[in-house]
Structure formats: structure tokens, C-alpha cells
Amino acid sequence: MVWPDDKVHIMNEDYLRYSDLNLAEAKEIQNELREKISLKPNTKPIQTIAGADISLNRFSEIIFAGIVILRYSDLQPIAYSMVESKTSFPYIPGFLAFREVPALVQALKQIPVQPDVFMIDGHGIAHPRRMGIAAHFGALTGTVTMGCAKNILFGKWQEPGIQKGDYSLIINKEETIGYAFRSKFKTNPVFISPGNGMSLADSLDIAIRCAGNYRLPEPTRRAHEFVNLFRTGKLKEGYHELSPQLLF
DNA sequence: GCGACAG
DNA sequence: ATCTTGTCGC
């Protein structure tokens, strides 16, 4: 696991914390972490892909983080990791990672065998400083990541065709930073961008492969589903593998 | 100065 | 993000 170097990141025991940071300091961290990301094509073959998401009760300081691991061949969930944590940063557009990444890192640490790719709810490099939550998480942990957001944050884009699989580019000054991807027929697109350890083309290829019968690609959809079950007390905290017999 | 603004 | 019923469209 790759940890950031200086005092701007406060670590107690095994907990990463972002607290009492002003936005100027947060930007500094993003600029430092940005140098650690790679957007070169992923080489390792993908056997498993994880979806990562956060859930919380309104007005609550408690956040629930979940990572669900799916078999890449059939996109069936095979394991999940759930963690209950506390908020240490408010939600500010452009700084989502400071609010959600600490809890996701805790969930990551509970997983014995790391997934090959992580699809995270939010943007990758489709961000003002190219450091959306997926890029941030990837740079911090050395994992291969991509972002899948339900809404645009930064960049210009055109409505893609209405067919499942249609896509258009998210652009910022001549530079392509992601895609508006139609994951389902006649449904609003999702916004795809690489985070770390993969290329723009890789992120699009993976999004296409993970598109099922819902707007959200399977990894993100399952993560959202599972973490909500966890928040409402229907799943237990910790790492759990799913019984093969219950899967079909 | 004004509008936009992931979850 | 979350709280929620109906409702419109395929």
C-alpha cells in the first residue's frame, strides 16, 4: 500500500484521517497525489472487479462504506467488505475524496485478496485537477481504479446516442478526460473516467463489459445495493464471502 | 460578479 | 447522499 509522505495526511493507528484541512491544503494534497497516478493501459488480466460506494443517514456523522467483489466473467458478487465509520470532512464538490476515501480504505484493508480493478461511485480524472475520488483512492492505495458517476462535475460533453453502449467524450480544453456512457437504452448516461492504473480506453472497455440491465454498471450497482443493506442492518460489518450455493 | 457544482 | 407517492412512458 502506497501512503502519502508528509504531515498533510494524519494517520492514527490504521486510520487515515482528513480533518481540519482548509481547501487550499486539500488542493495541495490533490496536486501531490496527482503525480502518483498512471493512465497507461492496464496490463494485468482482469479476473475480479470491485464496486465501491458509501451510504449514510441524513444529518448523521456516521458513514457506511462498502466494497463488493464481482467475478469479471459473469459479474456475480463473490464477496463484500463493509465498514462503519465517522465523517471527518464535509461534502464539497471537487473534494469528495476527503469525505469518503478514509472509510473506503478501511473497507479495503479488510479484503484478503485484492480485486484487480475498482469501480468507484464518483469521478476519476474528470475533475478540475484530475483528482476525483477514484483517482485519489487509486493513487493513495496503489490500486487500479476508475470512476462511474451519475452526474457530471467538470468538463464539456454532448448527449450520446440513445442505444446501450453509445458514448461521447467529456472534454476540457481539447483534452479528453472521460466519457458520457449510455449504460442502458433510453436512460440517462453515466460518466466514466479512469482513476489510476488504466487508460481512458480501458475505462470505457470495462464500463461496456460491466453494463447489465440497469443504469448503474454491475460493480457500482451491487456496491450501492449491499452498502444500503448494511446501513439498514441487513448485512454484518467486516469481510464476507458469499456462499456459492446461494449464487445462480 | 454570476452560475455550476461527484456524493 | 437521503427522505418518499404518485405518475408518466416504454
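Just so we're on the same page: letters track the sequence lines, and every chain starts at 1. Keep in mind that what you see is a predicted model, and the values were worked out from it rather than measured.
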Would you compute the distance between atom CZ of A:Arg129 and atom CZ of A:Phe154 and round it to the nearest 0.5 angstrom?
9.0 Å

Atom CD of A:Gln30 to atom P of B:dA6: distance rounded to whole Å?
14 Å

Between atom CG in A:Leu153 and atom P in B:dG7, what is the gap in whole Å?
9 Å

B:dA6 base stacked by A:Phe191? Criteria: ring centres under 5.5 Å, plane angle under 30°.
no

Sort out for me which residue in A:Leu104, A:Asp121, A:Val68 forms a side-chain contact (heavy atoms from CB on, under 4.5 Å) with A:Asp53.
A:Asp121

Rounding to a whole Å, what distance do you find between A:Lys186:NZ and C:dG9:C1'?
9 Å

Interatomic distance, A:Met119 atom CE to A:Leu70 atom CG [nearest 0.5 angstrom]:
9.5 Å

Would you mind classifying the nucleic acid contact of A:Ile152 as base, sugar-phosphate or nothing, using non-hydrogen atoms under 4.0 angstrom?
sugar-phosphate

ring-ring contact (aromatic ring centres under 6.0 Å, His included) between A:His240 and A:Phe230, intermediate numbers included
CA-CA 12 Å; A:His240 305 282; A:Phe230 172 50; 9.1 Å; no

Is any side-chain nitrogen or oxygen of A:His224 closer than 4.0 Å to OP1 or OP2 of C:dA1?
yes

Can you check whether A:Asn151 has a side-chain N or O nearer than 4.0 Å to OP1 or OP2 of B:dC5?
no

Given 3.5 Å as the limit, does a donor-acceptor pair link the side chain of A:Thr145 with the main chain of A:Ala134, or not?
yes

Base, sugar-phosphate alone, or nothing: which one does A:Leu96 contact when heavy atoms must sit under 4.0 Å apart?
base

Is there a side-chain contact between A:Ser55 and the phosphate of C:dT2, meaning an N or O under 4.0 Å from OP1 or OP2?
yes

For a quick check of understanding: with a heavy-atom distance under 4.0 Å over all strands, which category does A:Phe59 fall into, base, sugar-phosphate or nothing?
nothing

Please check the phosphate of B:dA6 (OP1 and OP2 only) for any side-chain N or O of A:Lys150 closer than 4.0 Å.
no

Write down the distance between CD1 (A:Ile63) and P (C:dT2), rounded to a whole number of angstrom.
12 Å

Checking the side chain of A:Ser183 only, and the main-chain atoms of A:Arg215 only, is there a donor and an acceptor separated by less than 3.5 Å?
yes

Return the 5'-most residue of the pair A:Asp121, A:Phe185 with respect to DNA chain C, ranking by each residue's nearest nucleotide.
A:Asp121

Just how far, in rounded Å, is P of C:dA1 from CD1 of A:Ile62?
19 Å

Is the phosphate of C:dA1 approached by A:Asn228 (side-chain N or O, under 4.0 Å from OP1 or OP2)?
no

I'd like to know if A:Ile162 and A:Leu169 are part of one continuous hydrophobic network [Ile/Leu/Val/Met/Phe/Trp/Tyr, side-chain heavy atoms within less than 4.5 Å].
no

Under 4.0 Å between a side-chain N/O of A:Arg231 and OP1 or OP2 of C:dC3, yes or no?
yes

Does the ring centre of A:Phe89 sit less than 6.0 Å away from the ring centre of A:Phe95?
no

Rounded to whole angstrom units, what separation is found between the NZ atom of A:Lys86 and the C1' atom of C:dA1?
19 Å

Using atom CG of A:Leu104 as one end and atom C1' of C:dA1 as the other, report the distance to the nearest whole Å.
14 Å

Looking at every strand, decide which applies to A:Gly94 at a 4.0 Å heavy-atom threshold: base, sugar-phosphate, or nothing.
base

Just to be sure I follow the notation: if a pair is Watson-Crick (purine N1 to pyrimidine N3 plus N6-O4 or O6-N4) or a G-U wobble (N1-O2 and O6-N3), each under 3.5 Å, what dot-bracket string does DNA chain C give, with | for pairs to another strand?
..........

How long is the line joining OH of A:Tyr179 and P of B:dA6, in whole Å?
22 Å

